[in-house]
There are 2 protein chains.
Amino acid sequence: MGITKSEHFTDEQNELATLAKAIGHPARIAIIQHLIKVNSCVCGDIVNELPLAQPTVSQHLKELKNAGLIKGNFEGASICYCLNEEGFEKIKGFFKNINDYLENKKNQCC
Amino acid sequence: MGITKSEHFTDEQNELATLAKAIGHPARIAIIQHLIKVNSCVCGDIVNELPLAQPTVSQHLKELKNAGLIKGNFEGASICYCLNEEGFEKIKGFFKNINDYLENKKNQCC
DNA sequence: TATTTATATTGCAATATTACGATAATAAAA
DNA sequence: TTTTATTATCGTAATATTGCAATATAAATA
């Protein structure tokens, strides 16, 4: 049905899924990587970096912003975007759990 | 168009996106969390855990398996699933970069 | 105020995802 | 070999995502 039964999962599960989903597109990975490289930049810079039209980039930025992974500040006529620590902090714990588990696991079937 | 222009991105970007996308659904988060809790289990156990029908769970397991995040071994009539270290290892570096960056960042616009 | 520049929104077509009933496939048990 | 148990696949409906042209909005500048 294309509709996720999110009401049947915990808030934590839904939140983690939303964050991972936002990261789950190569254009949005590229945007994150670019922001790490240049620290902060405006939408137009990303349009020049990526093989996508301006409305498409704007849409990807919106999704990253909604998920809490980036934030934007007005800077004259442009909007300056950079990573939002808060969003990444939320994912951190999840992957830490997994890594801790994988380092200590024993007696698995596979 | 609903079609991702993956040919315009690097292999690394596409691979990271595929992994994140696979994690980006609450049911698949729940499956991963369950596997951490019980170490390994069969599909039927997950069907009992989640509010989803068996074909739906099977489909989610397939996606996690295709992404390299879980693996399954035949164990009698059942299939025993557990986490696949390989997949998570690939994401680890990406988040490590982000966390290192966020810990040292300065002079941001926002 | 009119123009330019930068970004967002709308509308739409193409494609992908989610979910599940029905059914198939596979292997153990009777 | 038939039955039972377990998981996978098929088919399909509902919904979501991706991408972009066209357009709107907002702020700076002439």
Side-chain angles (χ1 to χ4, degrees), chain A residues 1-9 13-14 17-31 35 40-67 70-82 109-110, chain B residues 1-9 13-14 17-31 35 40-67 70-82 109-110:
Chain A
M1 301 178 181
I3 184 166
T4 297
K5 299 170 91 181
S6 51
E7 70 278 11
H8 292 141
F9 297 98
Q13 286 164 345
N14 284 317
T18 299
L19 288 162
K21 197 173 173 183
I23 299 175
H25 190 287
R28 296 193 290 265
I29 294 273
I31 290 172
L35 283 176
S40 68
C41 69
V42 299
C43 175
D45 296 337
I46 298 171
V47 173
N48 291 334
E49 278 288 315
L50 302 192
L52 296 171
Q54 181 269 323
T56 309
V57 170
S58 184
Q59 196 174 263
H60 283 305
L61 287 170
K62 189 179 174 185
E63 281 177 59
L64 286 169
K65 201 168 146 208
N66 286 345
I70 66 171
K71 44 188 173 176
N73 271 356
F74 284 91
E75 192 175 77
S78 308
I79 294 176
C80 175
Y81 284 104
C82 61
C109 65
C110 21
Chain B
M1 301 176 178
I3 184 167
T4 296
K5 299 169 94 183
S6 50
E7 72 277 11
H8 291 141
F9 298 97
Q13 286 163 345
N14 284 317
T18 298
L19 288 161
K21 197 173 174 184
I23 299 175
H25 190 287
R28 297 194 287 266
I29 294 274
I31 290 172
L35 283 176
S40 68
C41 69
V42 299
C43 173
D45 296 336
I46 298 170
V47 173
N48 291 333
E49 278 288 316
L50 301 192
L52 297 170
Q54 181 269 323
T56 308
V57 170
S58 184
Q59 196 173 262
H60 282 306
L61 287 170
K62 189 180 173 185
E63 281 176 60
L64 286 169
K65 202 169 145 206
N66 285 345
I70 65 171
K71 44 188 174 177
N73 271 356
F74 283 91
E75 192 175 78
S78 307
I79 294 177
C80 176
Y81 284 103
C82 61
C109 65
C110 22

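Proteins come first, then strands; the chains are lettered A, B, ... in the order of their sequence lines, and each starts at number 1.
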Strand-adjacent residues in residues 18-30 of chain A, judged by heavy atoms under 4.0 Å from DNA chain C:
none

I'd like to check the side-chain contact (heavy atoms from CB on, under 4.5 Å) partners of A:A27; sequence neighbours left out, ordered by chain and number.
A:H25, A:L50, A:L52, A:H60, B:F9

Taken in chain and number order and not counting sequence neighbours, the residues that satisfy salt bridge (charged side-chain N to carboxylate O under 4.0 Å, His left out) with B:E49 are none

Using heavy-atom distances to pick each residue's nearest nucleotide on DNA chain D, tell me which of A:T4 and A:A53 is more 5'.
A:T4

Quick one: is B:K62 getting a side-chain N or O under 4.0 Å of the D:dT9 phosphate, OP1 or OP2?
yes

Atom CD of A:Q59 and atom C1' of D:dA22 are separated, to the nearest Å, by 15 Å

Check whether more than 12 heavy atoms from other residues, nucleotides or ligands sit under 6.0 Å from atom NZ of B:K5, and answer yes or no.
yes

Side-chain N or O of B:H60 versus OP1/OP2 of C:dA19: is the shortest distance under 4.0 Å?
yes

Non-hydrogen atoms of A:A67 and A:A22 that approach each other most closely:
CB-CB, 3.6 Å

Write down the distance between CD1 (A:I70) and C1' (C:dA8), rounded to a whole number of angstrom.
13 Å

Closest-nucleotide mapping onto DNA chain C: is B:F74 or A:F9 further toward the 5' terminus? I mean the 5' end.
A:F9

Pairs where residues 21-31 of chain B contributes a residue and the test salt bridge (Lys or Arg N to Asp or Glu O under 4.0 Å) is met, not counting sequence neighbours
B:R28-B:E63

Filtered N/O pairs between nucleotides 5-7 of chain C and protein, under 3.5 Å:
{"unit_1": "C:dA6", "atom_1": "O3'", "unit_2": "A:S78", "atom_2": "OG", "d": "3.2"}
{"unit_1": "C:dT7", "atom_1": "OP1", "unit_2": "A:C43", "atom_2": "N", "d": "3.1"}
{"unit_1": "C:dT7", "atom_1": "OP2", "unit_2": "A:G44", "atom_2": "N", "d": "2.8"}

B:N66 CG - D:dT9 C1' separation (whole Å)
13 Å

Who pairs with B:Q54 by side-chain hydrogen bond (donor to acceptor under 3.5 Å, both in side chains), at least two apart in sequence or on another chain?
none

Let's see if you can work this out: which of D:dC20, C:dA19, C:dT15 has an atom nearest to the side-chain heavy atoms of B:T56?
C:dA19

